[in-house]
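Per chain, numbering begins at 1; letters A, B, ... match sequence-line order. The model shown is predicted, which means the values in this text are computed figures rather than measured ones.
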Amino acid sequence: MENNSEKIIVNNLDLYYGKKAALDNINLSILSNKVTALIGPSGCGKSTFLRCLNRMNDLIPGVLIKGTVLINGRDIYESSVDVVSLRKKVGMIFQKSNPFPKSIFENVAYAPRVNGINNKKELFEIVEKSLRKAALWEEVKDNLDKSGLSISGGQQQRLCIARSLAVEPDILLMDEPASALDPISTSKIEDLIFELKANYTIVIVTHNMQQAARVSDKTAFFYMGELIEVGDTKMMFTQPTNKRTEDYVSGRFG
Amino acid sequence: MTTEKNIYSLDRKFRPGDGIARFVVHSVSFISFAVILLIFIFVFREALPIFSSTEKSVSSEYLQSETYGDEPGDESDSELSDETVLLETGGAEGRAGLRNLLSREWQPVSGQPKYGLIPLFVGSLKVTFIALLIAAPLSILAALYTAVFASAKLRELIKPTIELLAGFPSVVIGFFALITLASFFQNLFGYTYRLNAFIGGLALSLAVIPIIFTITEEALSSVPREMTEASLALGATRWQTALFVILPAATPGVFAALILGFGRAFGETMIVLMATGNAALTSFNFLEPVRTLSATIGAEMAEVVFGDTHYNVLFLIGSLLFIITFALNAVAEFYIRGRLLKRFRGED
Amino acid sequence: MNKSMGRIVISASALSVIAIVTVIAYLLFDIFWNGKNTLSWAFLTTAPTDGMMQGGIFPVIIGTVSLVLIMSIAGVPVGVITALYLSEYARRTSVFTKMVRFAVNTLAGVPSIVFGLFGLGFFIQFIGMNLDRALMPAGELHWGQPSLLWASLTMALLTLPVVIVAVEEALRAVPEDLRAASLALGATKWQTILKVVLPNATSGILTGTILAVGRGAGEVAPILFTGAAYFLPHLPESLSDQFMNLGYHVYILATQSPDVEATKGLQYATVLILLLVTFGLNLIAVMLRYKLRKASRQ
């Protein structure tokens, strides 16, 4: 558990929407089996940065990315990299829960099926394992045939997490996963994040400072497309070195 | 931890499925474009012999004499350029020359066939004009009512009802005109010919109304709400706003609607075939029978000999219809709709 | 003065709506009223007799059903795939996208009689004739003449834009979220289309197909000289046979029959059937589409 290896290393990353720079020279290392929180006011580029890590920005026309993102030492923007394989290793949870309009079972079984697993027993094992890891199994085990859209918002979000886990990624990217949830569901997601970090490297975008303080080991503060400061979460919230970080975490703007 | 590097295989994988799918999707999408090209090519191809039939059936000596000698012809004017003479091929042989095509008589089945397109053009224009004269005010006003004055509930009712008219097969509208409308209006006004340009145009208007209505209504209801509210806030009444703010803002859309309606009416076949009486007269009397370009094809194509001049002339008419509707659509699409969008985006 | 002007504008526009709706209602009433008495089970299940002065429209119905069936089999896949291209693959700025869009818009505006000419010039005179030259003994015509196949293909082209527009609308209504979720799970683009996008657009594909069938069942001009027959003593048995057709039958009975008055009942009943088919199909499609739009707005 106590390894501090650098899972993701980002060097000189720039991102442009057309001619407009959205990210400017980002340098950041993300450690294995830690939760790294990305914070900053809206429009600061934290979500854009997150989407660079599994190349979801590729889908937006007119986006230009410079610099390198090394995952386990391999630059994922190298031309020989297979984006589909990359996304299997780097899972993503979206701000708004987005289960497929299929049954709970089929939601979780989606990725294994896409990867050619059709054996019912094998699928069931994967589904159960993933739902258990996402702390959802006990709540839905009797209703696996129910639509993924019929369960509560918090359950839907955990279903989406289970769906991602079924691909066996080792990095999880979470884009404000609890922003649309009530406090009880939010705390369940936060507990889950705490449990998951034993096996996964987690990067979470949040606009909720308390949440960042609660769940993360490291915190990176983004402002206007730049990475202002990064450090241990405790330090960031008690003794930030940068004035703007201090202003932000103390709630003076946001 | 360096060993972990090897767990990943991020190398590009061979995924033939996606590549094939991509290729198939692109290829199949090309069919629509290919069909447009093929229509161009094959409708023209069958019309082309009109302009080169001299080579087909006339000896070269005859061609020479016709080119250099002054063509006596059956018409009196002989001021023809060399080019026209080349196109002109003896009427006695049953072929169509340019002068024949531009004559005022359409008598394709006779000893000396006459392929004058003028009466057909006049017929198409006459019927289309009547159709628009009836359909345009009705549908624009109806669209205004639906988009501006009607309650949301009423709008949800009116729109699909009028749009259902678009789903009526034209043969049904033609039938209705032929059996019911024709008798009704003859009894009402007591004119001579039961089937005439007026009845044809009236029937056509039923096919055109849903087109003009739908596009106008769309244009009217996409006028930004801020514009409407600004006008109302200045103390204008609802109808003043409708007439002086909303309708002017939507004019490009209304024009597009009229142009597309014109194109539809001009190319429509079954309605005019059934309701106009089909006599190729060049007159501007709306109560006389007319024969349109499209109805001519519909009525005569089944009876012509393949490869015959008459057959070629019918294809020539088809080519003309295609070019005209093509041009109308292009104008509506590129010029007017684009302007409408720009106007609203500019206002944003 | 202002007040009366307002009253005029509003009542004129309301009257226009009333006028149009009245004509629609009268048209429906006229055909229903005059057609219902001749309509019977026997009318639907027997062939015309006495030189089409008596009897039913069974072969006419079979011919029309065959036409729209073959038309759908040929046209719907092409329409769905083109819609897939426009919604999933097309980049707004690419020349190819502009070409396809332009073609779809143009195709929708081509007069139906021109499709008929195209069917004759391309399918029959070009493809059919060349097939015969290659396959048949010299001088014998098999494919180089009007037939069910050529008429259906012509109709498929005519209805192609109908399918494309309806399906594209449905594909665009599939939330972007779902595509992102699938891609983020490591599904390829095609897997995403097949497993997420298409299944969520089935009602749109159905709407497009129904609209196309409704259109194809009612159009007459494209089949006037590509395959429709005046009268056939037997049902079409193969793709190279000619066929009878509802719309064409109406046209024939109303304009070409020796005694138009005597067959009025038959004519009205045939129109009623044609109207029920197209009207019914359109009604279903409109309702499906309305539901789809409402759902996608939420």
Side-chain angles (χ1 to χ4, degrees), chain B residues 15 17-18 21-22 24-26 28-29 31-33 35-36 38-39 42-43 45-46 138 141-142 144-146 149 158 160-162 164-165 167-169 171-172 175-176 178-180 206 209 237 239 242-243 260 263 267-270 274 294 297-298 301-302 315 318 321-322 325-326 329 333, chain C residues 6 9-10 12-14 16-17 19-21 23-24 27 30-31 78 81-82 84-85 89 96 99-100 103-107 109-114 117-118 120-122 125-126 157 160 188-190 214 218-221 224-225 247 250-251 254-255 267 271 274-275 278-279 282-283 286 290:
Chain B
R15 293 180 208 283
D18 264 62
R22 210 186 155 74
V24 170
V25 167
H26 278 77
V28 171
S29 309
I31 290 179
S32 300
F33 192 79
V35 168
I36 294 290
L38 289 174
I39 291 179
F42 280 88
V43 176
R45 196 180 86 131
E46 303 290 321
L138 268 181
L141 280 171
L144 196 66
Y145 184 82
T146 314
F149 299 126
I158 298 172
T161 308
I162 296 184
L164 270 183
L165 196 51
F168 280 45
V171 70
V172 171
F175 176 81
F176 179 66
L178 170 69
I179 307 289
T180 309
L206 291 181
I209 282 171
T237 59
W239 71 266
L243 221 55
L260 291 175
E268 173 56 51
T269 306
M270 294 317 288
M274 294 171 85
S294 53
I297 303 174
M301 185 53 92
F315 268 94
L321 280 179
F322 181 54
T325 49
F326 183 90
N329 282 321
E333 192 65 36
Chain C
V9 172
I10 295 178
S13 61
S16 301
V17 171
I20 297 172
V21 173
V23 173
I24 296 173
L27 205 171
D30 180 49
I31 285 159
V78 176
I81 292 175
T82 307
L84 261 184
Y85 169 76
Y89 288 89
F96 187 73
M99 274 164 62
V100 174
V104 173
N105 289 337
T106 307
L107 219 47
V110 174
S112 49
I113 190 80
V114 174
L117 288 180
F118 174 68
L120 179 59
F122 179 67
Q125 299 289 39
F126 183 71
L157 296 180
L160 198 55
T188 65
K189 187 175 186 117
W190 183 240
E219 280 285 347
V220 179
L224 275 177
F225 21 85
V250 169
Y251 168 65
T255 62
Q267 293 172 34
V271 173
L274 177 57
L275 208 52
T278 51
F279 196 77
N282 268 297
L283 205 63
V286 166
Y290 179 74

- Message: Using only atom types and a distance under 3.5 Å, with no angle test, would you say the side chain of B:T325 pairs donor to acceptor with the backbone of B:G263?
- Response: no
Identify the two heavy atoms, one from [X] and one from [Y], that lie closest to each other, and give their separation to 0.1 Å.
X      : Y      : answer
B:T269 : B:G298 : CG2-CA, 4.4 Å
C:L120 : C:F225 : CD1-O, 3.9 Å
C:W190 : B:G17  : CD1-O, 4.4 Å
C:T82  : B:V28  : OG1-O, 3.9 Å
B:F42  : C:G121 : CD2-O, 3.7 Å
B:G267 : C:P111 : O-CB, 3.6 Å

Could you tell me which portion of [X] (side chain, backbone, both or neither) has an atom closer than 4.5 angstrom to a non-hydrogen atom of chain B?
X      : result
C:I81  : both
C:L157 : side chain
C:Y85  : both
C:I20  : side chain
C:A14  : both
C:Y251 : both

- Below 4.5 Å, heavy atoms only, C-beta onward: do C:S16 and B:Y145 meet side chain to side chain? no
- Query: Can you tell if the side chain of B:S29 reaches within under 4.5 Å of the side chain of B:V25, non-hydrogen atoms only?
  - Reply: yes
Taking [options] one by one, which has the highest count of heavy-atom pairs under 4.5 Å against chain C?
options                : result
B:E268, B:M301, B:E46  : B:M301
B:L321, B:I209, B:V171 : B:V171
B:L206, B:L38, B:L141  : B:L141
B:I297, B:L144, B:T161 : B:I297

- Query: Checking side-chain contact (heavy atoms from CB on, under 4.5 Å) against B:F176, which of B:I179, B:L178, B:T180, B:V172 comes through?
  - Reply: B:T180
Under 4.5 Å from a heavy atom of chain C, the part of [X] involved:
X      : result
B:I158 : side chain
B:R22  : both
B:L243 : side chain
B:F175 : side chain
B:I31  : side chain
B:N329 : side chain
B:V43  : side chain
B:L164 : side chain

- Roughly how far, to the nearest 0.5 Å, is the CD1 atom of B:I36 from the CG atom of C:L107? 4.5 Å
Which one of [options] has the most heavy-atom pairs closer than 4.5 Å to chain B?
options                        : value
C:V104, C:T255, C:V114         : C:V114
C:K189, C:E219, C:Q125         : C:Q125
C:I10, C:L84, C:V110           : C:I10
C:T106, C:T278, C:L117, C:N282 : C:L117
C:V250, C:I31, C:V271, C:V100  : C:V271

- Task: Assess the side chains of B:W239 and B:T237: does a donor N or O sit below 3.5 Å from an acceptor N or O?
- Result: yes
- Task: Check the angle between the aromatic planes of B:F322 and B:F326 and answer parallel, tilted or perpendicular using the 30° and 60° thresholds.
- Result: tilted
- Going by the angle between their ring planes, with limits at 30° and 60°, are C:F118 and C:F122 parallel, tilted or perpendicular? parallel
